[in-house]
There are 2 protein chains.
Amino acid sequence: MATRARPTGRRNQVLSREQIIGTAVELLDAGGEGALTVRALTERLTTGAGAIYYHVGNRDELLDTATETVVTAALTTRPAQTAATPEDEIRVVALALFDTIAEHPWLATRLILQIVRNPAGPVTVGIFERIGRQVSALGVPQAHWFDAASTLVHYILGAVGQNARIEGDTSGVEPHADRDEFLGATAEAWQALDPEDYPFMHAIAGRISEHDDREQFLTGIAVVLGGLARLR
Amino acid sequence: MATRARPTGRRNQVLSREQIIGTAVELLDAGGEGALTVRALTERLTTGAGAIYYHVGNRDELLDTATETVVTAALTTRPAQTAATPEDEIRVVALALFDTIAEHPWLATRLILQIVRNPAGPVTVGIFERIGRQVSALGVPQAHWFDAASTLVHYILGAVGQNARIEGDTSGVEPHADRDEFLGATAEAWQALDPEDYPFMHAIAGRISEHDDREQFLTGIAVVLGGLARLR
DNA sequence: ACCTGAACACCGTTCAAGT
DNA sequence: ACCTGAACACCGTTCAAGT
């Protein structure tokens with residue numbers, strides 16, 4: 001009888017939301033947050049600004065969606081699959097986040113923003129759920145589940161943020177040499193501090209060059225896991 | 001004989017670096033990072049853009065200096081002074097950072113940036129030194145000082161970042177009511193999750209409204225401190 | 001030495017107009 | 001429904017010119 005609007009009335013969609021998000025991640029990986037401009041997007045995708053805004057709302061939303069996509073993918077991919085103990089599974093999740101941020105340094109800042117502003121979003125919920133289940137498997141009484149999971153997540157976020165590379169570096173030009181140089185300069189600066197005013201920094205200055213971020217991260221996880229016994 | 005340049009050849013300085021930093025902090029406190037524009041600064045200080053750049057280099061440097069100023073002040077001010085044990089002193093430092101970020105939410109992001117990019121700067125060094133001394137007083141063997149201090153600092157940064165208010169809120173209009181509403185909405189969203197897919201989030205949803213950020217933070221500190229026994 | 005303020009290049013976002 | 005692209009308001013930064 002009456003004319004119904006076609007359920008899928010699309011005519012000629014050549015640009016998709018997924019495409020935009022994908023290119024956004026590329027731009028972010030290549031040059032950090034500053035490299036994600038609407039104009040850079042329109043050039044790579046050969047469209048106009050309006051087309052972008054038709055699909056994504058605004059730049060901040062795009063940044064959030066990119067974060068969501070990358071983090072969710074990292075948490076969903078089942079790596080070794082064989083997580084024997086709750087402790088192991090927590091390490092697997094933590095390292096997945098660690099490695100993801102190493103690949104996408106812009107995530108460090110964005111991850112924190114997500115969790116602060118959007119605690120009901122898939123990123124926050126995904127991380128908490130994944131960690132939280134292991135907390136309960138660990139034998140922490142339910143009354144302390146929230147505190148225990150929070151402590152783990154907060155430690156992971158703080159540590160993982162530290163691993164992020166320096167922003168604005170022009171893509172990966174000898175990242176390793178840069179890093180050694182950077183650590184060396186830091187060690188030197190710590191060494192140069194007045195031992196009277198900074199006895200501790202002076203004492204640990206030597207350790208910084210030989211330390212391994214990933215190992216230190218795992219040590220930290222072990223410390224927190226050990227401390228959770230307090231809540232039992 | 002020869003004409004020497006006057007050692008202090010200033011003629012009519014009416015604008016100081018300190019003044020600029022002070023107004024920058026005001027703008028940041030009032031409206032977050034987006035509110036710190038060179039134009040807003042020139043208006044408040046009734047000068048031109050050039051005057052700002054004569055004193056501070058650029059916006060990013062100003063942001064770093066503002067961070068430095070606020071954090072250093074927070075760490076320097078001796079609060080109760082009576083820190084009986086190393087554990088107490090760690091709590092004092094941690095809470096000082098916690099409260100400072102509550103007052104200056106824009107610090108959350110900036111603090112992490114500082115520590116990542118400028119590990120030899122006064123902020124990183126100040127926090128590490130303060131925490132590190134207590135780690136050694138705690139009886140952690142020197143070989144583990146760096147790991148122990150890192151774990152504490154990373155936890156503190158991760159947790160403290162969570163406490164930051166939502167950015168861009170128009171100054172403090174009933175911040176408490178906003179916060180209750182925010183937590184309530186979060187609890188509801190967690191409650192609404194499918195209990196099959198998110199058993200943990202569902203289980204802790206009730207706790208979020210009754211929980212106290214500061215107390216939870218202290219619980220986390222206690223967990224990490226407890227875990228440090230592992231390194232002894 | 002310190003400051004002015006116009007000028008420049010570059011942003012994010014909107015919107016009338018097209019198909 | 002989906003896209004174009006000019007236009008707008010607003011950025012950070014520079015720099016010749018003033019005192």
Side-chain angles (χ1 to χ4, degrees), chain A residues 3-25 27-28 30-67 106 109-110 113 167-168 170, chain B residues 3-25 27-28 30-67 106 109-110 113 167-168 170:
Chain A
T3 42
R4 288 260 253 107
R6 267 155 284 165
T8 43
R10 310 179 172 183
R11 253 195 301 186
N12 46 349
Q13 180 168 347
V14 303
L15 185 67
S16 73
R17 205 177 131 86
E18 285 69 34
Q19 229 177 115
I20 296 173
I21 297 166
T23 337
V25 171
L27 289 170
L28 288 164
E33 222 172 283
L36 178 63
T37 67
V38 175
R39 270 158 245 259
L41 274 176
T42 59
E43 275 164 36
R44 280 235 191 177
L45 295 165
T46 51
T47 31
I52 307 287
Y53 282 89
Y54 181 80
H55 288 282
V56 288
N58 62 45
R59 198 189 101 109
D60 209 61
E61 206 177 296
L62 177 55
L63 236 5
D64 279 346
T65 314
T67 304
W106 51 274
T109 305
R110 273 287 145 178
L113 277 185
E167 197 137 324
T170 43
Chain B
T3 41
R4 288 262 250 106
R6 269 155 283 168
T8 43
R10 311 181 171 183
R11 253 195 302 185
N12 46 348
Q13 180 169 346
V14 303
L15 185 67
S16 73
R17 203 177 133 86
E18 285 69 34
Q19 229 177 113
I20 296 173
I21 296 166
T23 0
V25 172
L27 290 170
L28 287 164
E33 221 172 283
L36 177 64
T37 68
V38 175
R39 268 155 246 259
L41 274 175
T42 60
E43 275 164 36
R44 280 233 191 179
L45 295 164
T46 51
T47 32
I52 306 287
Y53 282 89
Y54 181 81
H55 288 281
V56 288
N58 61 46
R59 198 190 101 109
D60 208 61
E61 207 176 296
L62 178 56
L63 236 4
D64 279 345
T65 314
T67 304
W106 50 274
T109 304
R110 275 284 145 179
L113 276 185
E167 196 136 323
T170 43

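All values below come from the heavy atoms of this structure, side chains included, with hydrogens, waters and symmetry mates left out. Please read these numbers as outputs of a predicted model, since none were measured by experiment. Each chain gets a letter, A, B and so on, in the order the sequences are listed, and its residues count up from 1.
Spacing between atom CZ of A/R39 and atom P of D/dA6 amounts to 11 Å, rounded to whole angstrom units. Distance, B/D60 CG to D/dC11 P: 17 Å, rounded to whole Å. For the pair B/E33 CD and D/dC11 C1', the computed distance is 14 Å after rounding to whole Å. Rounded to an integer number of Å, the gap from CG of B/N58 to C1' of C/dC10 is 16 Å. B/L62 places its CG atom 12 Å from the C1' atom of D/dG12, with the value rounded to the nearest Å. Rounded to whole Å, atom C1' of C/dC3 lies 17 Å from atom CZ of B/R17. Rounding to whole angstrom units, OH of residue B/Y53 and C1' of C/dA6 are separated by 15 Å. B/E61 has its CD atom 14 Å from the C1' atom of D/dG12, to the nearest Å.
The phosphate of D/dC3 has neither OP1 nor OP2 within less than 4.0 Å of any side-chain N or O from A/Y54.
Where B/A49 and A/H55 each meet DNA chain D at their nearest nucleotide, the meeting point lying more 5' is that of A/H55. In terms of position on DNA chain C, the residue among A/A51 and A/V38 whose nearest nucleotide sits closer to the 5' end is A/V38.
Looking at A/Y53 and A/L62, their side chains never come closer than 4.5 Å, going by heavy atoms from C-beta outward. At least one side-chain heavy atom of A/T67 sits under 4.5 Å from a side-chain heavy atom of A/W106.
A salt bridge between A/D64 and A/R59 is absent, with no side-chain N of the basic residue lying under 4.0 Å from a carboxylate O of the acidic one.
Residue contacts for B/L36: at a heavy-atom cut-off of 4.0 Å it reaches the sugar-phosphate backbone alone, with no base atom in range. Counting any heavy atom pair closer than 4.0 Å across all strands shown, A/L41 reaches no nucleic acid atom.
Going from atom OG1 of B/T42 over to atom CG of B/L15 covers 11.0 Å, rounded to the nearest 0.5 Å.
The B/L15 side chain lies nearest to C/dC3 when the options are C/dC3, C/dT13, D/dC11.
Here the closest non-hydrogen pair linking A/Q19 and A/L45 is OE1-CD2, 4.0 Å.
Searching all strands for a Watson-Crick or G-U wobble partner of C/dT14 with both distances below 3.5 Å returns D/dA6. Using Watson-Crick or G-U wobble geometry with both donor-acceptor distances under 3.5 Å, C/dA1 finds its partner in D/dT19.
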